[in-house]
Peer 1: 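The structure that follows is given in the form of structure tokens.
On a predicted model such as this, the values are computed, not experimentally measured, just so you know. Just so we're on the same page: letters track the sequence lines, and every chain starts at 1.
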Amino acid sequence: MSDRDNTKEGGRERDIRIEKLARLREMGINPYPYRFQRTHSIEEVRKGEETLLPEEVEIAIAGRIMSARGHGHTSFGNIKDDTGSIQFYIKDADVDEKTWALYKMTDIGDIAGIWGVLFRTRTEELTVKVRKIELLSKAILPLPEKYHGLQDKELRYRRRYVDLIVNDEVMEVFRTRTLIIDTVRDYLRQHNFLEVETPILQPLYGGAMARPFVTHHNTLDMTLYLRIADELYLKRLVVGGMERVFEFCKDFRNEGMDRSHNPEFTMLECYAAYWDYNDMMGFLEEMYARVCEKVLGTTSIKYGEHEIDLAPPWKRLTFFRSLEEKTGVDLTVADVAEIEKVAKKHNIDIGGVTGRGALLDELFSELVEPGLIQPTFITDHPVEISPLAKMHRSTEGLVERFEPYIAGFEVANAFTELNDPIDQRARFEDQVRMRKEGADDMHPIDEDYLRALEHGMPPTGGLGVGIDRMVMLLTDSSSIRDVILFPQMRPEHGREADKD
RNA sequence: GGGCCGCUAGCUCAUCUGGUAGAGCACCUGCCUUUUAAGCAGGUGGUGCUGGGUUCAAGUCCCGGGCGGCUCACCA
């Protein structure tokens, strides 16, 4: 990419604004000064109207000029800060010459500070009558059109800064995202969970079934992987005596991208010693409902077409029972041939699917998953697809696991953690076997993790919650890109931009 | 990866079966002292994503490439 490409952005309007920079400097005005002393945020101005307006208190606010409506000797406009937007009014007779001249040179998009007093216009709009203006940062690129704003999704994702300036609802989504995370964190702390940080760069990846990103450490001259989960590290900490731990974990998975998958995403994982998956189920539904209540003031949400009620208790349905409801067959002890027969009967393409667990999983995602709109815990999965979960206490071939579904999304994943080191080794070895048979996302053996288990891990309940999906549900966003500030994109100018 | 759709002024969009581009907003000039998608008059601004091809002539038709959206597949 050459400089020329950059200079062209904004066209002639950019050139005009650059010329203004020079003219401003000639007037003795620094278009990029160092600080500004605000007296109020715009929200505080609105809240303080009762005293600020009648007493004509001079206020100082700062923000971005969003519009201007000139009328010759006067002008109206709007200025916007972090907390809101307010109208300003400037009249040449009210201000000194220099202020008027400066105002005439400010453009929509500039950052400015304003001193003035409040009044209400004929139409009763609360307005700041300008006494003085200070230019705080000259924008040399114009903002998008005031009415339609920035619509193009590609530009909105690539230039999130502009998206945030002009599309207020985008700012709102990301504020909500933060509120959600804060609320989850509060909930965990109230339950005496300790927040920790574990490695993102891992010599061995694990804790989920996914292909990793691979990188290299020069000094150590070794391959490192970006974590696909922090599960195995958190459980090491449980072994170490941290009885309740959690981490908001940025995970990286080198797989397909679509409406609900970004290569990097945020997962909450938490582990509680002496809990089992039943404890975790109650803990999660309570957490979800509490967060929803905090964010929306209610536990019922609208997501696309659906009205969903998150109030606990959520429906519980075992994995095999859910399949039986759709197929009429209990597959709990069925062998591969039997499962294939059922798949064929339901016209499910099982080409490339190998192994009993994967087959069952395929059946489940085709037949059951799309119909799970109201919150539902799917429980007690087949052991083949759950190498880190403990054997079910009463049914052979199953593990103690649950996955809650909302609006057809899997929103979490949890188990009674496998803490038997001998069994865990056997499960890892099974994974390696399946990997040799062609499944390339199976779990590698982590010897150090096994050693940790050999020191004894208390019975433990573990939970992973997809934070991005939680945000999607609570903000009625149909794409994960709408809840990640900077979603992954190809370079603007194709592969050439990738070169050094 | 497949299918469908899109890419034209800074932004939002037009341009019918091919005849070298147009509007609104923004910007510039002038008028306008309570407007709010302010108004009125005039004006500037284009590598039509990119590279080929067909044609007297391509934004438009054909082929390759790029980026994006939706969707299916893959994938938890």
Peer 1: Expressed as a whole number of angstroms, how long is the span from A:Glu492:CD to B:C49:C1'?
Peer 2: 12 Å
Peer 1: Compare side-chain N and O positions of A:Arg12 against OP1 and OP2 of B:C27 and report whether any pair is under 4.0 Å apart.
Peer 2: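 No, no such contact exists.
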Peer 1: Does B:C27 have OP1 or OP2 sitting under 4.0 Å from an N or O in the side chain of A:Arg17?
Peer 2: no
Peer 1: Do A:Glu125 and B:U36 share a donor-acceptor pair, side chain to base, under 3.5 Å?
Peer 2: yes
Peer 1: Picking from B:C27, B:C25, B:A76, which would you name as closest to the side chain of A:Ile16?
Peer 2: B:C27
Peer 1: If you measure from the C1' atom in B:C11 to the same atom in B:C61, how many Å do you get, rounded?
Peer 2: 30 Å
Peer 1: Of the candidate nucleotides B:U35, B:C25, B:A26, which contains the atom at the shortest distance from the side chain of A:Glu145?
Peer 2: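 My answer, after comparing the listed nucleotides, is B:C25.
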Peer 1: What nucleic acid atoms does A:Asp152 come within less than 4.0 Å of, heavy atoms only: base, sugar-phosphate, or nothing?
Peer 2: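 Sugar-phosphate, backbone atoms only, no base.
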Peer 1: Give the intermediate values and the outcome of side chain to side chain contact (heavy atoms under 4.5 Å, CB included) for residues A:Arg17 and A:Asp107.
Peer 2: CA-CA 8 Å; A:Arg17 291 190 183 204; A:Asp107 291 295; 3.4 Å; yes
Peer 1: Measuring only the C1' atom in each nucleotide, how far is B:C27 from B:U34? A whole number of Å is fine.
Peer 2: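 It works out to 26 Å between them.
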Peer 1: Stem finding on RNA chain B, please: runs of three or more consecutive Watson-Crick or G-U wobble pairs, both distances under 3.5 Å, sorted by first number.
Peer 2: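 Stem list for RNA chain B: B:1-7 with B:66-72, B:10-13 with B:22-25, B:27-31 with B:39-43, B:49-53 with B:61-65.
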Peer 1: Taking atom P in both B:C28 and B:U44, what distance in whole Å separates the two?
Peer 2: 15 Å
Peer 1: Mark yes or no for a side-chain to base donor-acceptor pair under 3.5 Å between A:Asn413 and B:A76, with no hydrogen or angle criteria applied.
Peer 2: no
Peer 1: Might you work through the side chain to side chain contact (heavy atoms under 4.5 Å, CB included) test for A:Leu474 and A:Val291, ending with a clear yes or no?
Peer 2: CA-CA 9 Å; A:Leu474 298 184; A:Val291 169; 3.8 Å; yes
Peer 1: Quick check for you: among B:U36, B:A76, B:C28, whose closest atom lies nearest to any side-chain atom of A:Arg69?
Peer 2: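 Closest nucleotide among those given: B:U36.
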Peer 1: Which residues satisfy the side-chain hydrogen bond (donor to acceptor under 3.5 Å, both in side chains) test with A:Arg481, sequence neighbours excluded?
Peer 2: none
Peer 1: Would you tell me if any nitrogen or oxygen in the side chain of A:Arg14 comes within less than 4.0 Å of OP1 or OP2 on B:A9?
Peer 2: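 For B:A9, OP1/OP2 do not have a side-chain N/O of A:Arg14 under 4.0 Å.
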Peer 1: Test for a donor-acceptor pair under 3.5 Å between the base of B:C74 and the side chain of A:Asp258, counting only N and O atoms.
Peer 2: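 Donor-acceptor pair under 3.5 Å: yes.
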Peer 1: 5'-most contact on RNA chain B: A:Met489 or A:Glu124, nearest heavy atom basis?
Peer 2: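 Its nearest nucleotide being more 5', the pick is A:Glu124.
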Peer 1: Below 4.0 angstrom, N of the basic side chain to O of the carboxylate: do A:Asp430 and A:Arg427 qualify?
Peer 2: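 No, A:Asp430 and A:Arg427 are not salt-bridged.
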Peer 1: Tell me which nucleotide among B:C70, B:C27, B:U12 gets nearest to the side chain of A:Ile108.
Peer 2: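 So the side chain of A:Ile108 is nearest to B:C27.
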Peer 1: Can you pull out every salt bridge (charged side-chain N to carboxylate O under 4.0 Å, His left out) where at least one residue sits in residues 359-380 of chain A? Sequence neighbours excluded, please.
Peer 2: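 Sorted pair list comes back empty.
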Peer 1: Just say parallel, tilted or perpendicular for the rings of A:Tyr205 and A:Tyr225, cut-offs at 30° and 60°.
Peer 2: perpendicular
Peer 1: Set out, in order, the CA-CA distance, both residues' side-chain angles and the distance that settles side chain to side chain contact (heavy atoms under 4.5 Å, CB included) for A:Leu284 and A:Leu463, then state yes or no.
Peer 2: CA-CA 8 Å; A:Leu284 174 77; A:Leu463 168 70; 3.9 Å; yes
Peer 1: Run the side-chain hydrogen bond (donor to acceptor under 3.5 Å, both in side chains) test against A:Thr99 and tell me which residues pass, sequence neighbours left out.
Peer 2: A:Asp96
Peer 1: Return the 5'-most residue of the pair A:Ser478, A:His261 with respect to RNA chain B, ranking by each residue's nearest nucleotide.
Peer 2: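 This one resolves to A:Ser478.
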Peer 1: Can you tell me how the ring of A:Tyr103 sits relative to the ring of A:Phe88, calling it parallel under 30°, perpendicular over 60° and tilted otherwise?
Peer 2: perpendicular
Peer 1: B:G64 and B:G2: how far apart are their P atoms, nearest whole angstrom?
Peer 2: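 One P to the other, the span is 12 Å.
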Peer 1: Apply side-chain hydrogen bond (donor to acceptor under 3.5 Å, both in side chains) to A:Lys132 and list each qualifying residue two or more places apart in sequence or on a separate chain.
Peer 2: none
Peer 1: Any N/O pairs under 3.5 Å between the protein and nucleotides 32-34 of chain B? List them or say none.
Peer 2:
unit_1, atom_1, unit_2, atom_2, d
B:C32, N3, A:Gly72, N, 2.9
B:C32, N4, A:Gly72, N, 3.1
B:U34, O2', A:Arg122, NE, 2.8
B:U34, O2', A:Arg122, NH1, 2.9
B:U34, O2, A:Arg122, N, 2.9

Peer 1: Work out how far the C1' atom of B:U47 is from that of B:G43, and round it to whole angstrom.
Peer 2: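 About 24 Å, rounded to a whole number of Å.
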Peer 1: For B:C4 and B:C56, measure between their C1' atoms and round to the nearest Å.
Peer 2: 36 Å
Peer 1: Within this structure, what is the CD1-to-C1' distance between A:Ile378 and B:A76, rounded to whole angstrom?
Peer 2: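 Rounding to the nearest Å, CD1 of A:Ile378 and C1' of B:A76 are 14 Å apart.
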